[in-house]
Structure formats: structure tokens, C-alpha cells
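Read through the structure below, which is laid out as C-alpha cells, and then see the notes.
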Amino acid sequence: MRFVLNEDQNMLRESAADFFAGRLPLAHQRKLKAQGLTHDADAWREMAELGWNAIALPEAVGGVPFDRSGVALVLAEAARTLAATPLFASNLLAAGLIEAAGSDAQKRDWLPALAAGDKLGALALDERARHDPTRIATRATREADGWRINGAKCAVVDGEFADLLLVVARDADTQDTLLFVLDAHTAGVSCQPLSQIDAQPMARVRLDGVKADEAALLARGAAADAALNTVLERARIALAAQLQAISRVLFDTTLAYLKQREQYGRKIGAFQALQHRMARLFTRIELAESCVQAAVAALDTDADLALPAALAKGMAGETALAVADEAVQLHGGIGVTDELDVGLFLKRVQVLEALLGDSVYQRARYARLIGVVA
Amino acid sequence: MRFVLNEDQNMLRESAADFFAGRLPLAHQRKLKAQGLTHDADAWREMAELGWNAIALPEAVGGVPFDRSGVALVLAEAARTLAATPLFASNLLAAGLIEAAGSDAQKRDWLPALAAGDKLGALALDERARHDPTRIATRATREADGWRINGAKCAVVDGEFADLLLVVARDADTQDTLLFVLDAHTAGVSCQPLSQIDAQPMARVRLDGVKADEAALLARGAAADAALNTVLERARIALAAQLQAISRVLFDTTLAYLKQREQYGRKIGAFQALQHRMARLFTRIELAESCVQAAVAALDTDADLALPAALAKGMAGETALAVADEAVQLHGGIGVTDELDVGLFLKRVQVLEALLGDSVYQRARYARLIGVVA
Amino acid sequence: MNEINDFKASVRAWLEANCPPSMRTPPPEGEMVLAGSRLTFTQPDQQLWFERMRDQGWFAPDWPREYGGGGLDARQTRVLESELARLKCRAPMVNLGIWMIGPVLLEFGSDEQKARHLPGMARGEVAWCQGFSEPGAGSDLAGLSCRAEHDGDDYVVNGSKIWTSYADRSDWMYALVRTDPTAGKHAGISMLLIDMASAGVSTRPIELISGKSHFCQVFFDNVRVPVANLVGAEGEGWMLAKALLAHERRAMSKFGDNNVPGVDFLDLARRLVAQADPDSRAVLTDRVAACAMDEHAYKLMLERTHEAGGAGQDVSALVATFKYLHSEQNKTRYRTLTALAGTDALGWEGEGYDEELLKLARQWLNAYTYTVAGGTSEIQLNILARRVLGLPDSGG
Amino acid sequence: MNEINDFKASVRAWLEANCPPSMRTPPPEGEMVLAGSRLTFTQPDQQLWFERMRDQGWFAPDWPREYGGGGLDARQTRVLESELARLKCRAPMVNLGIWMIGPVLLEFGSDEQKARHLPGMARGEVAWCQGFSEPGAGSDLAGLSCRAEHDGDDYVVNGSKIWTSYADRSDWMYALVRTDPTAGKHAGISMLLIDMASAGVSTRPIELISGKSHFCQVFFDNVRVPVANLVGAEGEGWMLAKALLAHERRAMSKFGDNNVPGVDFLDLARRLVAQADPDSRAVLTDRVAACAMDEHAYKLMLERTHEAGGAGQDVSALVATFKYLHSEQNKTRYRTLTALAGTDALGWEGEGYDEELLKLARQWLNAYTYTVAGGTSEIQLNILARRVLGLPDSGG
């Protein structure tokens, strides 16, 4: 069953929905923002206590035996109240990479703290404003007792709260991909938190002559590429699930507004031009939903995730952009005020869309995957 | 004045409108098609007698001192009744190239017959289904007493009626562009007329070891490239004017239908969803109109035509495709029958769009011209 | 459970034994067998398959045996259908009788009508066509004006029907006619069964922008139709038509696209992209990918609908998007290929174009029909907005 | 003809001599001088230019000299405007009084109102704001509910106005109020001049999704307005508003975009395209080109309108497209740049982003305002469909 959640999944989804509605409603996010905060540290602690940071990690290192789709389900619920969570960066990306690429010793060293939420991880990958995992200028030079790393990373989600940084570099000699796991407090690592339109955590990270010993090298060459690809596909699917959740919220909000708001003596939802726009959006949303559900289901299988991930992120991103545009426009004057939540969702959509490849990027990938171009 | 026609232009436009409405109305084109004909040879003779084939050619070789915009104005009127004319291939392309690139002797040899309409010309340029003047595989090999030409050309407008073929080839040695003017009945030239969706003349031309003497070489290298580019830009502007004329006809026809047709007890033009679609199309049509008018005006100046031509053909083509789509859809069931003229315009739009670079091609060109890409 | 498993096994065995291998591929264009009094087969396997299925009663598997049906219950019918799909068996024939008017007659017809008409349908011996749409009525089906005046034991029918598929090859028509012009728009409508061989019936094929078509216009000039051919009561035509159209959607979804073989989108797209000019290639590739992703998403949505429906969820909102999406995506795909193919997409017929590209041009033009026929895209959007999204109906 | 040429020469000479060179460039963001009782200048040239133009009476060149205007006729005014444009002179100040309510008072105001209010406007000493829109009324301007009840020599005003630009820095407001709730929707509306310093007036700036804005909400709590401040008669407010909004369109077109300096689209696009990932570059370039072509076409359309209008052709249909196209194209341009800029476009403030990119993010969000403010795009399309295309008004 790809399109019907099982009982466990339903229970998790519901408890996540309750958590975010009760503990981190959108009004709470506004308060955090007014205080200059990007997240609620206590709530992150509580999420860890709920075991969410441990989802799909091996039980031997403190993981809980829940399918990986669980993370996507929780993230989707978080997106509905625009709550920041540590799951994307710490569970899916950082722990996911260590689990996929690390040695047993490395897993034992790092995963228990991540699973427990005692430490948080983040991935320092991209170096340019538009996602491109093939263009890595960060170089690691082999030294007598390890490696010396130099580079600059952008778009590091949760970077400023990470205790562990997963760093993608290239071997200065062989040009092989290298995956490092570094203590974020290592000398030479510097982190610049950014004030982003969605008020969620994002940072740039510099690596200036950072020293790493052999134990910090997770994987290299083909093994590193494979692990990174797998984890990025999972992350794209999780981003798609969040985009889709926001599309739903915005669509429902707008539909309700159209049924309630009157102009010229009638509900504006009675205007046929708006009806057709909403109906078209509805078809886009259901198409994207089908792709997202299939991709989330694929997380729990051994299937190659490239095609479902490109499809889901591409469709969900494009749809969310369109829905957010229409949501603002159809709310009219109040749609462009900060008072209404619609604008906050619009900004978050733009962030999620930009991460790990936007719709244009995903379409190009999809074209390659189905062999339209070589 | 770029956007207001002068008196001469208005008179020409009106007399062309009268000619096509009276002599070659759309019903006449249907009759020709039923007889398996692509044009009315007598009417072509009459156009020549009106002096249209001679527009903007030097008076010394039988030309009439009318600005080049005149050809675009006549072609636009022809497009309104879907009438085939010899002007595009014979005046704009063939005579235009000889005038731009030929020696005085060549002009004296060839232009009087073209200006008088005693002979017709055509341009054999493209070799691939998508326009690309840079990819020419036709080769001319120098021989003792001239050249030997081999190649295959597609999309030769009016090819089967041409007495003169302007052929674009490359020098087999230097790879320079070469422009030849050949008698279409030369040995080795073969022409395959095509049955095209718009039922207007189009042919493929093969050149199998065609012998050409030095007098047949119009220009080579930079001079050939420059002349070809200029003439192609003019032709693109003329295509844009035709596309725009069809957009207007289809829009007006559809608007009238919306005001007359009733469904569910009201005029379908009262349905707001259709109103907004028509209003949006109207804005596109007026934008395209502005570009086409500016480009047609530029035909009569020494300005570089590349930017106005790319803009006009790109905008007019994209607009005409959208208008034709909507015209068919908004006419409902009868829109898809051959009985209605709408479908005939749709087919013609697709042909005009494909010739000398479609909207996608023009946008890429425009991007290069304004320096978005190198 | 055992019983149904036994049934499944026996169906599977029968199909394996009786469906010729050549009938297990999608039919090429124009190779569908049309039911009717003048059957034509293009090859022996086609006839074999037709006759074997007919003799099983499996043209109409869930009809009572007394009317020539298979006598299967709903569960058995589903098993048969899924086994047919599993083996990719072609539909043995196309028959508007069985799928459309047949079920309506079963439910609402007189005993006499059932006995007279159902067995012929179930044996594929009578070709039926549908007379609903009229010139001038368009999407507003109930705005019909074809008149049927009571005169003795007959109705006298005058008027015209349009968009009638294969009317020129049909034996009978089920038609909506106006029996009471003074009653309300819907109340004055009745349903008649009309013998197409009656005096005064004439048909004219409609030429589409894509060329010849199976659509016809049908003219009635004082056609006499016995009162016994009235289905239900006078004035019940609209109710019957709605019941019938519910079967249409089922029939459509059952047969999917099998009978509209187009070009292979991806195959052709790959070939054309490789030949495209370098300046335009990436942009055209993006469009191809968008089409392919939309199609992929649509297929996933069908699967989702099936699965969620099976799990008891309400999937009516999803189903309401199908017609719109399917026809619009189809049009966009062909528009994309046509742009991609440049002047190669401009061929109408004859030499100088390869066959696939000639087909492309026709299919592109044909695609315009599907966003209009069977409820325009605008009607689909109205339905979505009002019935699915619950927005107020302002009559627009 | 000689006379007007002499005038032109003298205007040109005066401007050359009196417009400081620094005032012949587009003003940077936030550098417009707002007329009002609390004038602020950011540099001496600004003040010089303001005072020189003021003393010529050229803030309001075509008003009578008795009200502080320049006393020019229509032809002279056009000459002055074209000379100002030729030299690229900045508008010396921004003044809703002169452009909007001023002309209305000149035509419809009492002698007393003219004498009291026009000279202050013409000297740029009084800041005016517009009180038309209301929370809850949206595009339906006439649906306003702000009440003004006659009480002795005063009206007592209660209610609220929204989207009032610079209300917090304005001295006076011209407002539409409902003086007769029992009359028809339009008939019950009157226009009042309200001193913003009156007791009971309060303002609150509106925060937009793009951040702080000059828009305010204004609240009236038992504000007493003398009956002498009624413009025209009771119930004439709607007529006056329509006359006034005709001036708005003229004022807008006169000043174009000067006061909304955004990012340089092409400059930024070139830079971002060069940095884009190779897989997406061509598609993003295509989008940039589409934006640039649309903008190019729009500029040609403006030129065409000007030229055709000058030649006596009816250009009202073209003018009716301006607001829609301008605001929608603006939004599309910013959407395109934002997509192109990837995560660099996500900055709100502070370090880590370059200034141009921070501006981009704000302008992108700001672009959403223009497709809503001043008549939504939907209203523009309604107007185009009904007034320009002549399609029936079904009230939808």
C-alpha cells in the first residue's frame, strides 16, 4: 500500500499534529520571531524525548524501529504550523549520512547522542546559491596525521545549533568526494547565522584550515557519493512533504476565505474566474499529493529514490509556489499584510523550494533520469 | 512615427485588404484546397501586376519606390484570409538577397524578372526541422570552371514554383558561407512538394552534384553572412506581422462568438472565467502588436533588425499560439470541426511559428542579444 | 473465499487457452471491432476472440443469462476484468449498447424492450449510437430541441443530433427528445429508441480539423417511432440520461486509452530533443520533462484512487479531476512534441514526412477534441469548483 | 506658434539655470520630498530645487495664480512637463493634494474651500492623504461604512480607513464617508475634508509581508468635522471620487516608476545567470528573456499609446491594460530573479547577504502589493472584459 498510511504511521502523524498544534502553533512562532529566536530549544528537547530524533536509526545505537517515512510525516505536520524542528538536519541528513556511510565505530561514536537529541547535527554541502552537489570547491589536503580542510559553505540548515558538522569536501589530490564528520567547535570552523525570510535557522559555515583526523573521515569516492546521494534523495522527499503540507494549508485557508468574504454583495467564491483558478490549483495539488505519497512510501523500501524524489520535489515545489501566489492574491489587501499568516507560508515555501534543488533543477534531473537527454 | 502608418502605407494596406477580401477570400482558399492546389496562379499574376513583387527593389531594375514595410503590410492582409502570396519567398527572401549581396551585373540579370513577377524565387536554407542557420551541411566544392553543390534542404517556402533558387552552402575547403543563385531547372536540382497542414506551398529540395558557374555565386564569407542575416531578420518581421494579423482575426471572431452564443440561458461571454481569459489574451495581443509595429517600422530604417525581429517574432508567435488554442477551445464543439475557419488559422499559425525560428528560439536569441548569456 | 479463488483460476485458465496471443497487445489504430449487424474483422484471431468471448456471454458478464449475459455476480465480474487486464487482453469489441443503454434498459426498460434489445447487444450483433448532443446546445445538454410529437401509436421525430459516434454504421440509436415543449427545460425530455433504418433518418460524417472522424450529424425528418420504444415514462428522459452517463464514466475508465493509440511520447521526444537546435534544446527538454512528470503524477493518482477507494476512502474528488487532467495533459503533450518537431510536424499527408510525424500532426489536432467532447474543460472546472470544493453556484 | 516656442525657450533656459545637476538623476529610494507642514530635506540641492519650483508656482503649473499656481494654459503646461522630462528633472516633491483633491476642489469646491486649501497645496506646505478604502470593503470601494452623522454645524465621524499612504505624516485627509445609510449604496456617500490633528483621529502603520510600509490604518472616534468641510453636496461623494480617480491615473502615468526604485533587473539577472548551475541555466535564461521581452513590449506599448494618442486615435483600450500589465510583469520579474538567486534570495536582513540581494527579497515580496493595491488584477480584468471588450456584465 503506497497511498494509504498504516496504523503506526497514522498514530505518529496524529501525535505530531497534536504536538505542533498544541505546543508550537503558528502564534508561538510569531512570538519567537519577535524575540529574535529561530526556534524553541525546549520544544526541540521535547521532540527528542518523543523519540523523533531516533526514527529509523539502528536500535543498537539508540534508534527507534520506526520506518523512515515517519520523519517525513512529522516534518509535514511541523510545516503546517511553520514550526522549526531538528529532524531534517540532524536525523535525516547528519545521522542519515553517518548511518549510511560510517564504520561501526563511527556509528557507535556519533549516533547515540544524535538519536537521543543530546547532540544535533547539520550538513555542510552546498557552496553556491543554487544547489549543485557536483560543484564542491572545499578541499581536504592529506597531512601526516589526518586532513586539513578549507572551504566555505552556504545554506547549512540549523548550522548554528549543530554540535556535529557533516562536511562534503574533495580530496585535493584525487578529487574524490570525501565525507567528514567534525565537531562544530573544532578550531577553524566558523559559523555565521543568517536572518532568513522565514525566520528559521540557517547559516553559512567557513572551514579555515580545519584539522581532521582519520576517524573523522566517514567515506570517500564512490561510497561517499552513494551515501550522499541516498541521503539527499530522502531529504528532497522530506522537503516535498513539507511543501505539500503547506499547499494544503494555504489552499484550505483560501477556500474558506472565498466562502466567507463578500464583495459587491456576494461571496467572492461565487466569481467563476476565481472558481476556475481554485479548481485548477486543486488538480495540481492532488497530482503533487500523489507524487509525494508515493515518494514518502518509497522511503521505507529499497527502491532507488532518484526518480520519485525528483518527481515529488519538482511537483510539490512548483505547486506550492503557485498556491502561495494565489493565496496571497485571492486574500486581496490583507493577503499582503504581515498580520495574516499567508505571507509567512509564502516565505517558507520559497525557502523549501530553494533547498536541495528547485523545481527547475528537479525537472532537469527528471529529464536525465528518464533519458530525454543523455 | 513608429506606430502610426503614413498615408502611403495606409493606402497600400487598404488596397491589399480589398484585394484579398474580394479576390482571395477564405472560401476561395477552401476551393483551391479541394482541387489539390496550394495557390491561385492567376491571382499571383495579378499581385505582380499591382507591383507588389517589386516593392523596395531598386527602380533601375524594375522596382517600385515603396518602403520595405509595404511587403509586411500586404502579407499581414493576406494572412487574414489565409491567402498564399509569392511575396515572402520571392520578394523578401530571394530578391532581397540578390539586392543585398549581388553584384550590379547579378542584380541586372535577376531582379527585373523577379520585380515584374515573370519569375519567382525561393530560399533554400534550412536543413533540419528546427530552424538553425548555423548548421549547414550543404557543401560546394570548387571545380575548374565553377562549383559543384551537394545537399538537402527542407522547409523551402514556394520551392516547387520557384524559377530561381537561392541556396546557402558552405565552401568544402574553407567552411565559408556561400550564397548561390541557381536556375531551379539546373540538372541535379530536385524538388519534392509537400502536403502541409495549412495547404500552402512548401517543398524539400535536393542538390545532387549541381553545377554552378562563378556568376551564380552571390557572396561568400562575412558578406554572405551579413546579407543572409539581414534578409532573415526582415523575413522574421514579416512572419511576425502575419502571426499578429491572425491573432487579431481569431480574437475578434472568438469575441463575437462569445457575445452571440448562449448556454444555460445566457451569453457565454457573460461567464467571468472566459472574460478573464479573453482580457488576458487582449493584453498579450496588444503587447505583441506594439512589438510588431515597431519591427515593421524598423524595416524602413537602417537600424539593426536583430533585436526588434527576435522580439516581434517571439511575442507574436507565442501570442498567436495562445490565441489559436483559446479560439478553438472557446468555440467548443464546432471549434474542432473543419467547417469552421478557426482550425485553418490554427494550422497556419503553427506553420508561421515554425518558420525561421519559433518563440523558444527567438527568446534564446533575444537573451543573447541583450547579454543575459554570452 | 475459496469459491472466488476457484473462479479466478478457471477464468485465468480459460483466458490463457482462449485468448489468442495476438489479442494480448494494444490494438493498432482503427483495429477495434465495432459491434453491429455488419461485423468486419481484419484478421482471423480477432474473429476467434470475438466469438469465444461472445459465446461465454462475457461481452456482458454481469447480465442475466436469459438476456445473453454471463450471469456473473459483481465480485466475479471484477475478477474477470482484472484477469483480462492482467493478460492485457484486448477488448473483443466496442459496443455502446452494452455499456450505456443496456444497463439502463435492464433497470428501467419494459420486459418487452429487454427481450427485444438486450440479447442482440450481448451478442454484439447490434450497433448502438447515442443521440444526446444537438447543434446549438453544446454543453447545455438539457437545452435540446429535437421534437417528438405523439401521433397515434407513434412519435413523429424532427430535428438533429450531433457528435454521434459511428452513427453512419449504427443500427439503433437511444436518443433524448423533447416530448413536451411546454414543460420545464428538464421535464419535457424523454428517451426514445430509434431504428436507424427508419424512413427519414439521414447521417453526415463530421470532418474535424484533424481530418475525417467517426463523429456524425444525424437528421430526423418526420421519423415515425413506435410509442413502445419510449424508455420509462414521458418526461423521464433527463433522469434516465443521468443514470446512463454514470455508466459512461465507468465504461471510459474501464477501457482507458486502449482505443486511442497515439505516438509514443517519450520515444519521439527523445529522438526530437537529440535533433533540436542547441539554443532551444534545454528549454524544450524542460517542457518535455514537465509533460512526463505530469503524466507520471497522473498515473500515480490513478493508482492512489484505486488503492484509497479500495480502503474505503471517498475518492470522488479525485475522480472528478480525471477528465480534465487527462484531456488537458494530452493536449499539452502534443503541443510540446509539435513545437519540438518544428517543420517536421507540419505534414498533412503524402511523401516527405515519416509516418510517426504525420501521426503526430493528426494527433496534435485531434487533442483539441478531447478538451471539448464529453464535457468541456470549463464544465469540468465548474463541477470541481462547485461540487468538490463547495463554492457557490452563481450560474456562471 | 512663435509664442509657444518662445515659452519653451524660456522654460528651458530657466530649468537649465535653476535645476541643480544633482536633481537631474532618479532619486534614490526614500529620497522623495513629501510635501507637508514638516518638510525635511536630505541635502541642500533638494531644498533649493523645491523652493525655486515653488516660487515659480510650478508645483501646480496650470492652477490660477490667485491660488498659488503657475497660471499656465494647457499647452504651456505640456511644454513645461516635456522640458522637465527632457532634462530628467526630479519631481521637486510628492503631493497628493495637488494631484488629486486639488483639481477636484478647483472644479467642485466652494470659494471658501479653494481659498483655504489650494494655496497651501500649491506651496507644498500641507500634506494630504486619501481616505477611501476600508477594512472589509476591499475592491468594492462603494461598500464603505465609515459614518458621518450631522450634528449641529459638524459631522461626527466614526469608523476606519485603510491603505492610506503616509497617513501618519499627513496634515489633512480627503475622505469618503457615509452620510445617509438609508440611501442607495452610492447615493449615501459624501466627501469630507478632515484635519488629521482633530481629536479622535489616530493612525497605525501597516506592516506588510515585505516589512514596514508607508500604508496606515486610520481610526475615527467621534471626530468632529465642520459642515463647511463637505465638498460638493451630501450624497455627491461617489461622483467626486470618480472625478478624483481620473486624476489619479493621470498623476500615476505622469510620475511613472520614479519613486519605486527596485533592483536593476538585467544587471542582476546577468550576474545570477552566470552563477547558476549548468543544468538549470538555459531554462532560467529563457525565463529572464521572457520577462525582458515583456518589459520591452510594454515600453513599446507606452510609446505607441503616446504616439497614437497624439495622432488622435482612441487609446483608452491600451491605457486600460497598463495597471494590470505593469504590476503583473513586475511580480513575474521578481519571481524570476528570486528563483534564479536560489538561497541567496532568502535573506531578510543583517550580514551574510549582499545589499542588492536583500533588496531583491524585499522587492519580491513588495511586488505582491501592486497586483492588489489600486484595483486588484481581477478588477482590471473585469474592466477590460466589460468596458473594453464589451462582454456582458453578469455582476461577477
Side-chain angles (χ1 to χ4, degrees), chain A residues 126 128-132 134-135 154-155 192-199 202-204 261-266 268 270-274 277 321 325 328-340 342-344 346-347 350-351 353-355 357-365 367-368, chain D residues 133 135-140 142-143 162-163 185 206-211 213 215 272 275-284 287 331 335 338-353 357 361-362 364-366 368-373 376-378 381-382 394-396:
Chain A
D126 268 312
R128 293 166 181 258
R130 290 188 54 85
H131 173 64
D132 187 351
T134 67
R135 294 197 292 178
C154 65
Q192 176 181 41
L194 299 172
S195 169
Q196 204 169 249
I197 50 173
D198 66 344
M202 183 71 84
R204 295 181 193 277
R261 168 79 168 166
E262 291 191 10
Q263 291 255 279
Y264 304 101
R266 54 205 283 218
I268 60 174
F271 291 107
Q272 196 201 28
L274 307 191
R277 280 154 66 175
L321 288 176
D325 266 11
V328 174
Q329 180 68 22
L330 294 182
H331 275 85
I334 58 160
V336 297
T337 65
D338 185 68
E339 199 179 321
L340 212 72
V342 167
L344 302 181
L346 167 71
K347 293 170 190 171
Q350 195 66 35
V351 172
E353 162 76 354
L355 289 178
D358 64 4
S359 328
V360 175
Y361 177 90
Q362 304 301 341
R363 269 201 301 283
R365 238 158 62 84
R368 213 171 318 107
Chain D
S133 298
S139 297
D140 183 10
I162 200 166
W163 304 117
K185 186 171 170 184
I206 296 173
E207 187 167 352
L208 296 182
I209 56 177
S210 51
S213 79
F215 293 115
L272 294 171
Q275 294 168 1
D277 56 305
D279 276 351
S280 311
R281 189 175 294 146
V283 173
L284 295 167
R287 289 199 193 166
K331 190 151 91 176
R335 284 201 93 359
T338 304
L340 195 49
T343 53
D344 269 354
L346 306 178
W348 184 247
E349 62 191 6
E351 288 175 25
Y353 298 100
L357 291 166
R362 299 295 182 120
W364 161 59
L365 291 163
N366 202 33
Y368 286 89
T369 304
Y370 295 107
T371 58
V372 168
T376 61
S377 288
E378 289 73 25
L381 292 173
N382 282 347
S394 57

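Computed from a prediction, not measured in an experiment: that's the story for all the values here. Chain naming here is simple, since letters A, B, ... match the order of the sequence lines and numbering starts at 1 in each.
- Smallest separation of non-hydrogen atoms from D/Asp140 and A/Tyr264: OD2-N, 2.9 Å.
- In this structure, A/Ala129 and D/Ala341 approach most closely via the heavy-atom pair CB-O, 3.2 Å.
- Between chain A and the options D/Val372, D/Leu272, D/Asp277, D/Asp344, the largest number of non-hydrogen pairs under 4.5 Å is found for D/Asp277.
- Each of A/Ile334, A/Val342, A/Ile197, A/Thr134 has some count of heavy-atom pairs under 4.5 Å with chain D, and the biggest count is that of A/Ile197.
- Atom CD of A/Gln196 is separated from atom CG of D/Leu346 by 5.0 Å, given to the nearest 0.5 angstrom.
- Nearest heavy atom pair, residue D/Thr371 against residue A/Gln329, reads OG1-OE1, 2.6 Å.
- Proximity of a side-chain donor or acceptor of A/Lys347 to a complementary backbone N or O of D/Leu365 within less than 3.5 Å is not detected.
- There is no contact between A/Ile268 and chain D, counting heavy-atom distances below 4.5 Å.
- When each of D/Lys185, D/Arg335, D/Lys331, D/Glu351 is scored by its heavy-atom pairs under 4.5 Å with chain A, the top score falls to D/Arg335.
- Here the CD-OG1 distance, from A/Glu353 to D/Thr338, works out to 11.0 Å after rounding to the nearest 0.5 Å.
- By number of non-hydrogen pairs under 4.5 angstrom with chain D, the leading residue of A/Arg261, A/Arg368, A/Glu339 is A/Arg261.
- Put simply, the side chain of D/Asp279 never gets that close to the backbone of A/Tyr361: no donor and acceptor are under 3.5 Å apart.
- Interface remark: A/Arg365 contributes no atoms to any contact with chain D (heavy atom separation under 4.5 Å).
- Only the side chain of A/Gln192 comes within contact range of chain D, judged by heavy atoms closer than 4.5 Å.
- The residue among D/Gly211, D/Ser133, D/Ala142, D/Gly342 with the most heavy atom pairs within less than 4.5 Å of chain A is D/Gly342.
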Evaluation steps, side-chain contact (heavy atoms from CB on, under 4.5 Å), between A/Val360 and D/Leu284: CA-CA 8 Å; A/Val360 175; D/Leu284 295 167; 4.2 Å; yes
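- For the atom pair A/Thr337 OG1 and D/Tyr368 OH, the distance stands at 14.5 Å (nearest 0.5 Å).
- A/Arg128 and D/Gln275 make their closest contact through NH1-O, 3.9 Å (heavy atoms, listed as atom of the first residue, atom of the second, distance).
- Proximity to chain D involves both the backbone and the side chain of A/Asp325, based on heavy atoms less than 4.5 angstrom apart.
- In terms of heavy-atom pairs under 4.5 angstrom with chain D, the leader among A/Asp358, A/Val351, A/Leu355 is A/Val351.
- For D/Thr343 against A/Cys154, the heavy-atom pair with the smallest separation is OG1-SG, 4.4 Å.
- The shortest side-chain heavy-atom distance between D/Pro278 and A/Asp132 falls under the 4.5 Å cut-off.
- Both the backbone and the side chain of D/Ser377 have a heavy atom closer than 4.5 Å to some heavy atom of chain A.
- Atom CD of D/Glu378 and atom CD of A/Gln263 lie 10.5 Å apart (nearest 0.5 Å).
- Heavy-atom distances place the side chain of D/Arg287, and not its backbone, under 4.5 Å from chain A.
- Here A/Leu346 contributes atom CG and D/Trp364 contributes atom CH2; the two are 4.5 Å apart, rounded to the nearest 0.5 Å.
- A/Arg130 places a side-chain N or O within donor-acceptor distance of the main-chain N or O of D/Ala339, the cut-off being under 3.5 Å.
- For A/His331, no part sits under 4.5 Å from any heavy atom of chain D, backbone or side chain.
- Within the model, atoms CD1 of D/Ile206 and CG of A/Asp338 stand 11.5 Å from one another, a figure rounded to the nearest 0.5 Å.
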